[in-house]
Protein chains: 2
Amino acid sequence: MTTNDQLTPGARRILDVASELFYRRGIHTVGVDTIAAESGVTKRTLYDRFGSKDGLVVSYLETRDRRWRDMITARLDAAQGDPLRRVLVPFEVMPEWLGGSERGCSFINAFAELPEPEHEGRKIIVAEKKWLHTLFHELLTEAGAPDPGTLATQLLSLHEGAIVATAIADAPDAAAAVHAAADALVTAVLGGAGPSSATGPT
Amino acid sequence: MTTNDQLTPGARRILDVASELFYRRGIHTVGVDTIAAESGVTKRTLYDRFGSKDGLVVSYLETRDRRWRDMITARLDAAQGDPLRRVLVPFEVMPEWLGGSERGCSFINAFAELPEPEHEGRKIIVAEKKWLHTLFHELLTEAGAPDPGTLATQLLSLHEGAIVATAIADAPDAAAAVHAAADALVTAVLGGAGPSSATGPT
DNA sequence: CGGTAGGTATACAGATCTGTGAAGTCAAGG
DNA sequence: CCTTGACTTCACAGATCTGTATACCTACCG
């Protein structure tokens, strides 16, 4: 595991610049010379801190993964006790997370650029999507949904698809639309009521 | 417009090999030398036929777009008269279209690799997604759905998301799951009955 | 005061990549 | 017969990309 905390000032700037450039212009089209220059840093420093371009790519994906999970878990904690809203948290934060970026999901994009199965970055990408899938599954199970596996896959697909639709098909309403669809699917199964475990609904 | 019909034998092989390699290993990671060698053709021939690597990329996307639309329209014609099934055609063909590939959607992947807005290939990608969006919209309008715009975006998101979920989150049930979800969403609105144009609904 | 961490400056190796130039082969067709 | 189209051979230009080597600077810290 790479820590990514307590980076030196130079490394911090490198990672920030690289994250921006990798996301906006793609990993392969951005060279280390560009990153170093844009960070006001020597290429030597970049290699001293991150070892290689791949190392920097991995750090890029790790920090984005961390930010994503932190955001979701924070919102989940804030929605304690309401299983229906908790399942929909990833849909609620979508507009904020996307922020009108036009470049879609950094993980999906990086997946397209890293076809080698052994690549460390790929494992982070796969883990990120599986994490969301598992999260849906767990929340649905807690809420007492009948077929949490299928519903989790449906929610994951809605979520990822909305990001794609927003970026490529130029559908700015996608986030709101899939939020409504997810709500409809979940409500149809949970009956629009509360949890089935301990506390009574209504 | 490039024709892509009546290619010379060499060009045909080049395009076939390039399509396979671009899809499986990404556009940037595959060089023209590799494509030429794998096609049993000289680099000179490649440039004589396609002008540039970008030209080859555009041909790659064009043919895939063409195949995709042809497949869908053929199935649509075969399902005449049943609006509910017609709307779900893109979901029915998904397993067949994906064919257990593990690399997701060629258009989404290419979108990640072509960040320049002026790039000709990007326009093909955007047009492909918008085409599906519009198709959903039209079919839903024909079927008399109340809010075809929102529902079309939801269906598009489900569709794209399932491809992503299959490839990245390793969810082989995604195609079937989103098919069911799309069915549920459409049925909830169309009441599971026939067209509303001539014959009045319930 | 001396070592170490973080960084600068610069030059360069070595590989790879797109694209071109020039000349030649070979078969089909008018 | 001779032109044209499809393709080969092969060398090479020119750019770019990752990564390294060498030497130096400077602030902080024990």
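The sequence lines fix the lettering, A, B, ..., with proteins before strands; numbering per chain opens at 1.
Looking only at atom types and distance, the side chain of S106(A) has no donor-acceptor partner in the side chain of N109(A) under 3.5 Å away. Looking at T153(A) and H133(A), their side chains do bring a donor and an acceptor atom within 3.5 Å of each other.
Atoms CG (L56(A)) and C1' (dG19(D)) sit 14 Å apart, rounded to a whole Å. Between R44(A) atom CZ and dA9(C) atom P there is a gap of 15 Å when expressed in whole angstrom units. In this structure, CZ of R25(B) is placed 10 Å from P of dC17(C), rounded to the nearest angstrom. At whole-Å resolution of the value, CG in D54(B) and P in dG19(C) are 7 Å apart. The CD1-P distance, from I14(B) to dT18(C), rounds to 14 Å in whole Å. Atom pair I35(B):CD1 and dG19(C):C1' shows a separation of 14 Å (rounding to whole Å applied). When rounded to the nearest whole Å, the span between CZ of F50(A) and C1' of dT18(D) equals 16 Å. Protein atom NE2 of H28(B) is 10 Å distant from nucleotide atom P of dT18(C), rounded to whole Å.
Of the two residues contacting DNA chain D, namely G40(B) and I27(A), the nearest-nucleotide position lying further toward the 5' end is that of G40(B). Heavy-atom nearest nucleotides on DNA chain D were determined for K43(B) and for Y47(A), and the one closer to the 5' end corresponds to K43(B).
The R49(B) side chain lies nearest to dA6(D) when the options are dA6(D), dT18(D), dG6(C). With dG6(C), dC7(D), dT8(C) as the choices, the nucleotide that has an atom nearest any side-chain atom of V41(A) turns out to be dT8(C).
Judged by a 6.0 Å distance limit and a 45° cone about the ring axis, R64(B) is not positioned over the six-membered ring of F22(B).
Within 4.0 Å of T8(A), counting heavy atoms only, lie sugar-phosphate atoms of the nucleic acid but no base atom. Using a 4.0 Å heavy-atom criterion, one finds that D48(A) contacts no nucleic acid atom at all.
For H137(B) and W131(B), the gap between ring centers reaches or exceeds 6.0 Å.
Surrounding CD of E116(B) are more than 12 heavy atoms belonging to other residues, nucleotides or ligands, all under 6.0 Å away.
Contact check, T42(A) against dT10(C): no side-chain N or O comes under 4.0 Å of OP1 or OP2. The side chain of T45(A) places an N or O atom within less than 4.0 Å of a non-bridging phosphate oxygen (OP1 or OP2) of dT8(C).
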